[in-house]
Student: 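The structure that follows is given in the form of structure tokens.
The figures that follow rest on heavy atoms only: side chains count, while hydrogens, waters and symmetry mates do not.
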Amino acid sequence: MAVLENITISDAVLESLKPDVATLLFEGQDDFSTFIERVKEEIYGQIKIREEENYDGYTDAEIDTALDSVSDYTNEKYLQKRIGCLVISELFLAHGDTESAGAWRAKAEAIPFRYYIDSDSDSAADDAEQRYQASVRLGR
């Protein structure tokens, strides 16, 4: 099942975050699709857990249908950036570089977990559709 279809993660998105990301491809690997789908499923699971509270009384299938409309904000692209950073983290992890993987995961988690569910399909983030969870930032 494809998830978060409204959130596009391309090679160009990953290159904007890490220009030499192509060096992390394995031999015979043409693109990052396996890693992108894995991370999208992870983020989808986090969104679903959060949204189950908002859709109290809905069945699992009804929640999945509502989440088909998860969208990113036009100007900020919070989910796109978060997913991109997590893909890079997963790539480093696959190469056994846990330090870099941890740094990219921390970078992803510092991005606000913000999206909207476009329930009326108007491609606009109405007040009732917006979802936001601030990221905790420590330090000065």
Side-chain angles (χ1 to χ4, degrees):
M1 170 174 91
V3 295
L4 301 177
E5 292 182 10
N6 296 330
I7 312 300
T8 303
I9 308 296
S10 63
D11 290 1
V13 169
L14 297 175
E15 288 169 358
S16 72
L17 296 167
K18 181 167 177 39
D20 64 344
V21 70
T23 63
L24 296 173
L25 285 171
F26 289 96
E27 187 175 324
Q29 190 178 15
D30 295 331
D31 60 27
F32 302 99
S33 60
T34 303
F35 291 92
I36 292 168
E37 287 308 312
R38 185 181 318 148
V39 170
K40 279 183 150 186
E41 288 171 4
E42 176 186 338
I43 294 293
Y44 180 85
Q46 292 172 5
I47 290 172
K48 188 170 182 177
I49 288 168
R50 292 175 62 195
E51 292 303 322
E52 285 172 342
E53 296 173 7
N54 293 329
Y55 292 97
D56 190 36
Y58 279 51
T59 66
D60 202 44
E62 290 171 324
I63 293 172
D64 285 334
T65 299
L67 297 186
D68 284 344
S69 302
V70 168
S71 297
D72 220 343
Y73 289 90
T74 305
N75 296 331
E76 294 299 327
K77 304 285 186 194
Y78 294 111
L79 283 182
Q80 185 184 70
K81 291 174 189 172
R82 182 178 274 250
I83 291 168
C85 288
L86 288 172
V87 166
I88 294 168
S89 172
E90 289 294 317
L91 286 162
F92 276 117
L93 195 59
H95 283 278
D97 185 346
T98 56
E99 185 176 334
S100 294
W104 278 94
R105 180 160 288 275
K107 185 174 184 171
E109 291 172 355
I111 297 168
F113 200 173
R114 189 170 185 180
Y115 57 92
Y116 70 99
I117 298 177
D118 194 12
S119 55
D120 58 7
S121 301
D122 66 353
S123 298
D126 305 322
D127 287 345
E129 297 173 331
Q130 296 182 39
R131 305 294 193 269
Y132 183 79
Q133 177 182 343
S135 297
V136 176
R137 294 181 188 214
L138 302 176
R140 299 184 227 189

Student: Does a side-chain heavy-atom distance below 4.5 Å link L24 with K18?
Tutor: yes

Student: Quick check: closest heavy atoms across E51 and L67, and the distance to 0.1 Å?
Tutor: CG-CD2, 3.7 Å

Student: Check step by step if salt bridge (Lys or Arg N to Asp or Glu O under 4.0 Å) holds for E90 and R38.
Tutor: CA-CA 9 Å; E90 289 294 317; R38 185 181 318 148; 3.6 Å; yes

Student: To the nearest 0.5 Å, tell me how far L79 CG sits from N6 CG.
Tutor: 10.5 Å

Student: Verify, without hydrogens or angle tests, whether D20 (side chain) and T23 (backbone) share a donor-acceptor contact under 3.5 angstrom.
Tutor: no

Student: Considering non-hydrogen atoms only, spot the tightest contact between K48 and D60 and give its length.
Tutor: NZ-OD1, 2.7 Å

Student: Does any part of the side chain of V21, heavy atoms only, come nearer than 4.5 Å to the side chain of F32, both counted from C-beta?
Tutor: yes

Student: Centroid separation under 6.0 Å, is that true for the rings of Y78 and Y115?
Tutor: no

Student: Check whether any side-chain heavy atom of V87 lies under 4.5 Å from a side-chain heavy atom of L17, and answer yes or no.
Tutor: no

Student: Taking K81 for its side chain and P112 for its backbone only, find out whether a donor-acceptor pair lies under 3.5 Å.
Tutor: no

Student: Please report the shortest heavy-atom distance between I36 and I9, naming the atom on each side.
Tutor: CD1-O, 3.5 Å

Student: If you measure from CD1 on I83 to CZ on F35, what distance do you get to the nearest 0.5 Å?
Tutor: 15.5 Å

Student: Do the side chain of K107 and the main chain of S89 share a donor and acceptor less than 3.5 angstrom apart?
Tutor: no

Student: What is the distance from atom CD1 of I63 to atom OG1 of T59, rounded to the nearest 0.5 Å?
Tutor: 7.0 Å

Student: Nearest heavy-atom pair of I111 and C85: which atoms, and what distance?
Tutor: CD1-SG, 4.1 Å

